[in-house]
Each structure stands twice: as structure tokens, then as C-alpha cells.
Amino acid sequence: MKINHFKYDEIGLNRFFGSLEAKVMELLWDAEELCIKDVQHKLAQDKPVNFNTVMTVMNRLVEKGILQRRLQGRLSLYRPTQSKEIFIEEQSRKLTENLIDEFGGVVINHMLDAIKDVDESLIQQLEAKLRQLKKDSQ
């Protein structure tokens, strides 16, 4: 699945989705499978939202390949096509590959500069990954 627009100025899932899409995805990742009415009720706990709006958003997520729909009698049930963890892994990998393909070493330098300001365990993971890459290339 390919997300066409990455929004740098947003946070969390809003970087990949519109705000309502992100809320719908969070609900479905938590519940695994819901009908439109269930999603609408859960969303309405924070702010009223129209059933048709929720239906449109969920059907667009199906068209994008992010949700799948199955019929149970006359009821349509929706579920994510992949877990949240796999989605984030896949999207971050694609973003990183695209940035490196387009901007090369500049991106790697910025990533290394950014990593020094984070948890020490990330540096250890990077070092382990580099050792493994060197080992595999020999």
C-alpha cells in the first residue's frame, strides 16, 4: 500500500492520513473489525460526526487498500489490511528509501545528527545494524 502524501508538519498518523482517517484507523487497529455505525458512535464520543461522512471516509480507505470490507448478511464490516506496526514500518521504510534515493548522503548525515539527540538504545541498535550489514557483505 502506498500513501501518496506525507505531511511533515503533522504528528503521528496525521502525517499519513487526514485527521478523520487517522481516528478511524486508530479505532479499527484497536478493535480489529467494526461496522460504520460502531465507528460513528465511537467517534461521536469526542465530537458529533455524520454517518455518511464516516461511510465515505471508510470506503475511501478501502479504495486505497488500507481497509478491507466483508459482508456479514447485510452488514459491512471493516478491518485494516495490516497491523499498525507493519503499516508504520512499511511507510517509514518507503519514506526513508525515497529520501535516500533522492538526496543521498545529506539525508544520512541528518539522520545521524538527529539520532545523537535520542535514546542511547537507538544508537546501540544502529551500531548493531551496521555490524550486521558489514558481516553480511563479507
Side-chain angles (χ1 to χ4, degrees):
M1 129 189 17
K2 183 179 179 193
I3 299 296
N4 292 324
H5 302 287
F6 182 84
K7 297 170 234 149
Y8 294 96
D9 295 334
E10 295 287 341
I11 59 171
L13 292 174
N14 287 1
R15 291 178 187 258
F16 303 105
F17 300 112
S19 62
L20 185 56
E21 287 178 327
K23 290 175 186 173
V24 167
M25 290 308 299
E26 285 288 5
L27 290 171
L28 284 162
W29 274 317
D30 288 343
E32 292 187 19
E33 188 173 67
L34 294 169
C35 68
I36 296 167
K37 195 73 166 164
D38 291 339
V39 171
Q40 180 202 15
H41 284 298
K42 289 177 183 289
L43 290 170
Q45 291 173 0
D46 294 330
K47 178 181 169 186
V49 60
N50 183 285
F51 177 87
N52 288 336
T53 301
V54 176
M55 179 177 65
T56 298
V57 167
M58 291 175 69
N59 286 324
R60 285 188 181 151
L61 290 168
V62 169
E63 291 169 11
K64 293 177 183 179
I66 296 165
L67 292 180
Q68 60 186 20
R69 176 181 43 229
R70 75 174 179 91
L71 289 174
Q72 183 176 347
R74 293 180 54 205
L75 184 66
S76 290
L77 294 171
Y78 295 78
R79 69 180 310 131
T81 56
Q82 57 190 181
S83 71
K84 182 178 180 180
E85 293 76 20
I86 292 172
F87 173 82
I88 291 171
E89 168 70 27
E90 185 178 284
Q91 296 307 314
S92 62
R93 180 180 36 79
K94 286 179 183 177
L95 177 63
T96 303
E97 288 171 354
N98 288 341
L99 288 171
I100 290 172
D101 285 348
E102 190 166 348
F103 302 111
V106 172
V107 173
I108 293 170
N109 284 331
H110 288 300
M111 287 180 181
L112 291 172
D113 288 342
I115 203 170
K116 70 181 178 191
D117 297 329
V118 296
D119 187 344
E120 177 69 27
S121 68
L122 288 177
I123 295 173
Q124 292 169 358
Q125 289 174 24
L126 175 61
E127 290 170 340
K129 183 74 172 183
L130 288 170
R131 282 193 299 275
Q132 186 63 45
L133 289 170
K134 285 180 184 178
K135 184 179 177 183
D136 290 346
S137 68
Q138 294 176 349

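What you see is a predicted model; the values in this text were computed from it and never measured. If you read the sequence from its start, that first residue is 1, and numbering goes on from there.
- Of all heavy-atom pairs spanning Thr81 and Gly65, the tightest one is OG1-O, 3.0 Å.
- In this structure, Trp29 and Gln82 approach most closely via the heavy-atom pair NE1-O, 2.8 Å.
- Contact record, Phe16 with Gln91: CE2-CB, 3.4 Å, taken as the closest heavy-atom pair.
- Judged purely by atom type and a 3.5 angstrom limit, Arg15 uses its side chain to pair as donor or acceptor with the backbone of Glu10.
- Other residues, nucleotides and ligands contribute only 12 or fewer heavy atoms inside 6.0 Å of the CD atom of Glu32.
- The salt bridge (Lys or Arg N to Asp or Glu O under 4.0 Å) test applied to Glu89 returns no partner, not counting sequence neighbours.
- Considering every non-hydrogen atom in both Ala44 and Val49, the closest pair reads N-CG1, 4.3 Å.
- Looking at every heavy atom in both residues, Leu28 comes nearest to Tyr78 through CD2-O, 3.3 Å.
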Go through it in stages, so that I can follow the logic: the residues are Leu112 and Leu126, the test is side chain to side chain contact (heavy atoms under 4.5 Å, CB included), and I'd like the CA-CA distance, side-chain angles, deciding distance and then a yes or no. CA-CA 10 Å; Leu112 291 172; Leu126 175 61; 3.6 Å; yes
Would you sort out whether Glu102 and Asn98 count as a side-chain hydrogen bond (donor to acceptor under 3.5 Å, both in side chains), showing the intermediate values? CA-CA 6 Å; Glu102 190 166 348; Asn98 288 341; over 6 Å; no
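- Checking Asn59 against Glu63 by side-chain atom types alone, no donor-acceptor pair falls below 3.5 Å.
- A salt bridge links Glu21 with Lys64; the closest basic N to acidic carboxylate O contact falls under 4.0 Å.
- In this structure, the side chain to side chain contact (heavy atoms under 4.5 Å, CB included) partners of Phe51, at least two apart in sequence or on a different chain, are Ile36, Lys37, Gln40, Met55.
- Heavy-atom neighbours of Leu133 CG from other residues, nucleotides or ligands within 6.0 Å: above the threshold of 12.
- Grouped by direct or indirect side-chain proximity (heavy atoms under 4.5 Å, Ile/Leu/Val/Met/Phe/Trp/Tyr only), Leu75 sits with Leu77.
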